[in-house]
Amino acid sequence: MDAISFYGFCNGKTYCIGSEAESNGLFEFSTESISDGNFRRVKGTLRNSSEVPLVFHRAFVRVMLPPGPWEFFSQYNRWSQEDNGRWAALNGQGILLGHRHGRTTEGNTPFCAVRQPGHNEGIAFHVYPVGNWRIRILPLVQSNTEPAVAVDLGISDEELAFPLQPGEQWKLPEILIHHFSDFEESSSDLHRYLLKDPQISQRRLPVAFNTWFDRFDNLHVLHLLEDLAAAKEIGCEAFVVDAGWFGGDLPGWFLCIGNWHEKTKIAFQGKMKEFAEKVREAGLAFGIWMEPERIHPDIAVVKEHPDWFVFIPETGFMRYKLELPEAAAYFESEIERLISTYGLGYMKTDMNAELGADESGCELYHYQSIFYAIVDRVRKHHPDFILENCASGALRTDLETMRHFDVHFPSDNVNPWTMFNTMHGLWRRALPGRIMRWTAVCEWKEGIPFFEKKRPGIVIPGEATWEEYEFADLESVLIANFSGGMYGFTGDIASLGAESRKLVAQYIDLFKRKQDFMMQAAAHWLEDGDRFKVIELEHDNQAIIELFYHPADAVSERMIRPVGLDPKAMYCIGQKTCSGAKLMEDGFPVALEKNMHLKWRAKMIILEPLG
């Protein structure tokens, strides 16, 4: 079992003490360790057992590794380029991972892995962030001997000055330790582990349409009604109005953040309730976008209650001082007011700016604890309500947010072909069944003029905007986004022709039939080449396999070897019937299209036991 200790700095002195050590006269460190197979979750607690106030400037849970050499895996994360990971050798200087000021996955992600060079087995570490976090991997060099290595995990010590009064206790952020036999297979093991976490939402997620990639914040009711009719026709279950609906008499949306009253002169012109009713009459839940944690300095409530807010120089915006009960109560009441006023069944929450420094010295620990408590109360109060965590395209997406939101947005990048690396990296530290994907499309009905017959063109964004775009095969895009617990759509779906709508409706119907499977599935990357990729989602001896390839590569056939099937069960592949054991051992061939002019194409294979 891993040796767990406390490594910290308190009242001018460094401490390194075991979890079962007696009080050192100032404080006690205790741990609750919950083991499940190769996983071990550690809950550390500090208690001031003295009669004097304590201030902690460092408070890590430490795991010791034997002498190396070691290599480590970490992820670099920034907007629209999320979850990029790589292995590197651990040198004498060690490695420091973290972020600043609230966005817990901007910079690095709270996850890393270590192994010895040439070995498949190793150890993964995850932090459940409450406030700002740090991971430090440090060789403890002494003289000329090969050093042992300390892995320090927990709350950030960059600006930490955490006060603890006599008798008070502090629950440190939880740590998850995973001993894996193969790094590439460790993701699916993590998924199965997380599926057993009772704190992670089990709510059914709707097939949703979001307005953002249609006209961004330019909301026009007549066009939205066309989108609503199309959303109903293809089988969507929720209609979500993104940014642009709020701000009272103010123009735009960016400078209106924090004024959660609808626009009176543009957008719905004060009549969004009527539009929400039309959405419900169509049989869909109504949802809106909100960024609850950021507020512009000119918003009225800031001027009325300036003591409720903290100014953030780096952004020019404010955040709530949730540590004040009055500020927290108003914050919560605004969310509840919107749910009640518009009969919301869905809310997309965003986080487009950092939260700034914490003047209390607690690295946003108290702020984040109160924020999650509010989120939990709102969700408990509305059991059929879905709360999405967008977080500026996944800049606060971690194991702790998985416990408080129903679904997570993986990136503002909605191009399926440039999202492969992001999804591969995200699945290393998150549950696929709580990740949504957006199919962002519009159809160019005029067609491409180089053909004798009109050929309508399906267009998708280049990445996170329409400033660059490309033509794509609609069915391949639908398959690429059929990979999480929520199937989302955006763009100008009203522009889709009859045949395109029929195809989209077929995939939505398939998703609804397989949704329980999708929410419970573990994910595998069977192949991850530059131009050939195979993803498998498996659960309960069933599998969905998705292949992505370039017909221009002129490869007519590929062999696929699935995992996770019942070895004794029989499965149908095309016109043949094979046992699960034979399929997993020998694989099966998949015929591919050859065309020197085509790029990404996709195929989907569903494997279900017969009988």
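Please read all numbers here as calculations on a predicted model, not as lab measurements.
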Determine the sole option in F511, F517, F489 for which the ring pair (Phe, Tyr, Trp, His ring centres under 6.0 Å) test with F482 is passed. F511

Steps toward side-chain hydrogen bond (donor to acceptor under 3.5 Å, both in side chains) verdict (N415, E470): CA-CA 9 Å; N415 183 292; E470 61 187 80; 3.0 Å; yes

S579 vs K568 side-chain heavy atoms within contact, under 4.5 Å: no

Going by distance alone, is a donor N or O of one side chain under 3.5 Å from an acceptor N or O of the other, for R429 and Q75? yes

When you compare the side chains of S500 and E443, does any donor N or O come within less than 3.5 Å of an acceptor on the partner? yes

Taking the six-membered ring for Trp, are W133 and Y128 closer than 6.0 Å centroid to centroid? no

Between the main-chain N or O of P66 and the side-chain N or O of W70, is there a donor-acceptor pair closer than 3.5 Å? yes

Exercise: identify the closest heavy-atom pair between I493 and D227: CD1-O, 3.7 Å

P173 and P129, any side-chain heavy atoms less than 4.5 Å apart: no

Under 3.5 Å donor-acceptor, R103 side chain and M351 backbone: yes

Where the side chain of K603 meets the backbone of A591, is there a donor-acceptor pair that is under 3.5 Å apart? yes

Between S33 and R40, do the side chains contain a donor N or O and an acceptor N or O under 3.5 Å apart? yes

Any donor-acceptor N/O pair, Q515 side chain to L205 backbone, under 3.5 Å: yes

For the residue pair Y76 and E82, confirm or rule out a side-chain donor-acceptor distance under 3.5 Å. no

Aromatic ring proximity, centroids under 6.0 angstrom, F111 and F125: no

Report yes or no: does D540 contribute a side-chain atom to a donor-acceptor pair with the main-chain N or O of Q542 at less than 3.5 Å? no

With a 6.0 Å cut-off on the ring centroids, do W438 and F209 count as close? no

Just jot down the ring-ring contact (aromatic ring centres under 6.0 Å, His included) partners of H524, sequence neighbours excluded, or say none. none

Shortest non-hydrogen contact between A464 and F213, atoms and distance: O-CZ, 3.2 Å

So for atom CG, which belongs to D516, do other residues, nucleotides or ligands contribute more than 12 heavy atoms lying within a distance under 6.0 Å? no

For N210 versus W212, what's the shortest heavy-atom pair and its separation? OD1-N, 2.8 Å

Side chain to side chain contact (heavy atoms under 4.5 Å, CB included) between V534 and I545, intermediate numbers included: CA-CA 7 Å; V534 182; I545 297 174; 3.7 Å; yes

Parallel, tilted or perpendicular for W427 and W525, by the 30°/60° rule? tilted

For atom NZ of K512, is the number of surrounding heavy atoms from other residues, nucleotides or ligands below 6.0 Å larger than 12? yes

Please check if the side chain of Y571 supplies one atom and the backbone of D566 the other of a donor-acceptor pair under 3.5 Å. yes

side-chain hydrogen bond (donor to acceptor under 3.5 Å, both in side chains) between T439 and N481: does it pass, once the steps are laid out? CA-CA 6 Å; T439 295; N481 292 320; 2.8 Å; yes

Quick one: closest heavy-atom pair of N413 and E463, and the distance? OD1-CA, 3.2 Å

Polar side chain donor-acceptor pair, T422 to D83, under 3.5 angstrom: no

Name all residues meeting the ring-ring contact (aromatic ring centres under 6.0 Å, His included) criterion together with Y346; count only those two or more places apart in sequence or in a different chain, and write none if there are none. none

Apply salt bridge (Lys or Arg N to Asp or Glu O under 4.0 Å) to D553 and list each qualifying residue two or more places apart in sequence or on a separate chain. R531

So, does R434 use its side chain to make a donor-acceptor pair with the main chain of S201 at under 3.5 Å? yes

Heavy-atom closest contact (P69 atom, E146 atom, distance): N-OE2, 4.2 Å

Looking only at the side chains, is there a donor atom on one of T105 and R396 sitting less than 3.5 Å from an acceptor on the other? no

Derivation of the side chain to side chain contact (heavy atoms under 4.5 Å, CB included) call for L190 and L431: CA-CA 8 Å; L190 175 67; L431 184 61; over 6 Å; no

Could you label the plane-to-plane angle of the H178 and F39 rings as parallel, tilted or perpendicular, counting under 30° as parallel and over 60° as perpendicular? parallel

CA sep, side-chain torsions, deciding dist, call: K502, E499, salt bridge (Lys or Arg N to Asp or Glu O under 4.0 Å): CA-CA 5 Å; K502 182 179 178 180; E499 289 302 312; 5.2 Å; no

Checking the side chain of R501 only, and the main-chain atoms of L496 only, is there a donor and an acceptor separated by less than 3.5 Å? yes

Return yes if a side-chain donor-acceptor contact under 3.5 Å exists between D398 and T104, otherwise no. yes

With side-chain hydrogen bond (donor to acceptor under 3.5 Å, both in side chains) as the criterion, how do W289 and D350 come out once you've worked through the C-alpha distance, each side chain's angles and the decisive distance to 0.1 Å? CA-CA 7 Å; W289 177 96; D350 218 331; 2.9 Å; yes

Within the distance-only criterion (no hydrogens, no angle test), does the side chain of K533 pair as donor or acceptor with the backbone N or O of G529 below 3.5 angstrom? yes

Validation row: R203, R379 side chains within 4.5 angstrom (heavy atoms): yes

So do F405 and T349 actually touch side chain to side chain, heavy atoms under 4.5 Å? yes

I'd like to know if the side chain of R558 and the backbone of F532 have a donor-acceptor N/O pair within less than 3.5 Å. no

Can you see which heavy atom on F180 is nearest to which on N120, and at what distance? CE1-O, 3.2 Å

Greater than 12 external heavy atoms within 6.0 Å of Y469's OH: no

